[in-house]
Each structure stands twice: as structure tokens, then as C-alpha cells.
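Bear in mind the structure is a predicted one, so any value in this text is a computation, not a measurement.
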Amino acid sequence: QVQLVESGGGLVQAGGSLRLSCAASGRTFSNYGMGWFRQAPGKEREFVVAIRWSGGSISYADSVKGRFTISRDNAKNTVYLQMNSLKPEDTALYYCAADRLPYRRYTSRLSSDYDYWGQGTQVTVSS
């Protein structure tokens, strides 16, 4: 059974930074793309960023481009999300997710392409 465990969320002032981590177990981590999604209260879950299984391709939502950076450490079975210049509108529950297909040739922005999800970690940005 695949497990994804996020950590690193918290309360930060606007302009601050946080680093989220997502530790994976249960299958060969390095064979699968990973993504981060978020859901704010009263809103639908939205795509944030995804990284290909090889790490060679990354796709960012326009709203976070230039501020957020995804990376992965396949030796540690962990994916990271470095969030800088945080804004109040970044406040949400952040989820990491694992692609359902190994060796996908592109990064997917569709939540339906991810079959395992973490429990989420709350990020709150105060103004």
C-alpha cells in the first residue's frame, strides 16, 4: 500500500517562506511522477506543480511560477515544495499526490492522473 505523508505546513506572514515535504513509501518512488495540489476553503482543489519521474520535466501553475520550486530526492523517496514570497491567497490545504502511471512521458496537471494522495498539510499566510 502506497503511503504519502506531508509535513512542513504552518502559519507564516506574507512574503515569508515554507518548505513542504512529502515522504513516500510502498512502491518504487523513482518510477512515478509526483504532484502538489491545494484546496482553499470553499474552493475546488487546484493544481500547483508536478515533476516527472525522472525530475527532468516540471510544470507549474501560473499563480506560483517564479515563487515555488518543486524538487525530488529519489534516494530519500521524498518530494519537496519550496514556497517563497508567500501571499495570503496561497492559504490552503496542500496535498502531494503520486502519478498512477510509471514513466509517464509528461507531467500531468489532472488530479485524475494521480492515484495516491497524502492527508494534506495546512499552509496559512497572514497579511
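Note: Y103 and W53 meet the aromatic proximity criterion, with ring centroids under 6.0 Å apart.
Contact check for L18 versus L86: side-chain heavy atoms found under the 4.5 Å cut-off. Taking 4.5 Å as the limit, every side-chain heavy atom of T124 sits out of range of all side-chain heavy atoms of V12. Taking the side chain as every heavy atom from C-beta outward, F37 and C96 never approach each other to under 4.5 Å. Contact of the S17 side chain with the M83 side chain is not registered, since no non-hydrogen atoms from C-beta on lie closer than 4.5 Å. In this structure, the side chains of V79 and I70 come closer than 4.5 Å at one or more pairs of heavy atoms. Using a 4.5 Å cut-off on side-chain heavy atoms (C-beta onward), Y116 and Q1 make contact. L11 is not listed as a side-chain neighbour of V123, based on a closest heavy-atom distance of 4.5 Å or more. Counting only heavy atoms from C-beta outward, the side chains of F68 and W36 never approach each other to under 4.5 Å.
The two residues A98 and L4 have their closest heavy-atom pair at N-CD1, 3.7 Å. Residues P88 and A14 share a closest heavy-atom pair of CD-CB, 4.1 Å.
The only member of R104, R105, R109 that meets salt bridge (Lys or Arg N to Asp or Glu O under 4.0 Å) when paired with D99 is R104.
Neither Y114 nor V48 shares a network with the other; the hydrophobic side chains, linked directly or stepwise wherever heavy atoms of I, L, V, M, F, W or Y lie under 4.5 Å apart, form separate groups for each.
Taking OG1 from T69 and CG from L81, the interatomic distance works out to 8.0 Å, rounded to the nearest 0.5 Å. Taking NZ of K43 as the reference point, atom CG of L93 lies at 14.5 Å (rounded to 0.5 Å). Interatomic distance, S126 OG to Q13 CD, rounded to the nearest 0.5 Å: 5.0 Å. Rounded to the nearest 0.5 Å, atoms CD (Q39) and CD (Q122) are 10.5 Å apart. Note that OG of S71 is 6.5 Å distant from CD1 of I51, once rounded to the nearest 0.5 Å.
S108 and D113 share a side-chain donor-acceptor pair at under 3.5 Å. No side-chain donor-acceptor contact under 3.5 Å links R72 and T78.
The main-chain N or O of S21 is never found under 3.5 Å from a side-chain atom of E6 such that the two would form a donor-acceptor pair. In this structure a side-chain-to-backbone donor-acceptor pair under 3.5 Å is missing from T28 to S30. No side-chain donor-acceptor contact under 3.5 Å links S59 to the backbone of T107.
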| Between R38 and Y95, is a side chain to side chain contact (heavy atoms under 4.5 Å, CB included) present by the stated rule, with each step listed? | CA-CA 6 Å; R38 67 186 181 186; Y95 299 92; over 6 Å; no
| said: If you apply the rule side chain to side chain contact (heavy atoms under 4.5 Å, CB included), what do you find for F29 with M34, and how did you get there? | reply: CA-CA 9 Å; F29 176 78; M34 297 293 294; 3.8 Å; yes
| query | When you look at Y32 and R27, which way does the side chain to side chain contact (heavy atoms under 4.5 Å, CB included) test go after all the steps? | reply | CA-CA 9 Å; Y32 295 85; R27 67 183 182 188; 3.5 Å; yes
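Annotation: salt bridge (charged side-chain N to carboxylate O under 4.0 Å, His left out) contacts of D73 (sequence neighbours excluded): none. Applying the salt bridge (charged side-chain N to carboxylate O under 4.0 Å, His left out) rule to E89 yields no partners; only residues at least two apart in sequence or on another chain are considered.
No salt bridge links K87 with D90; every basic N to acidic carboxylate O contact stays at or beyond 4.0 Å.
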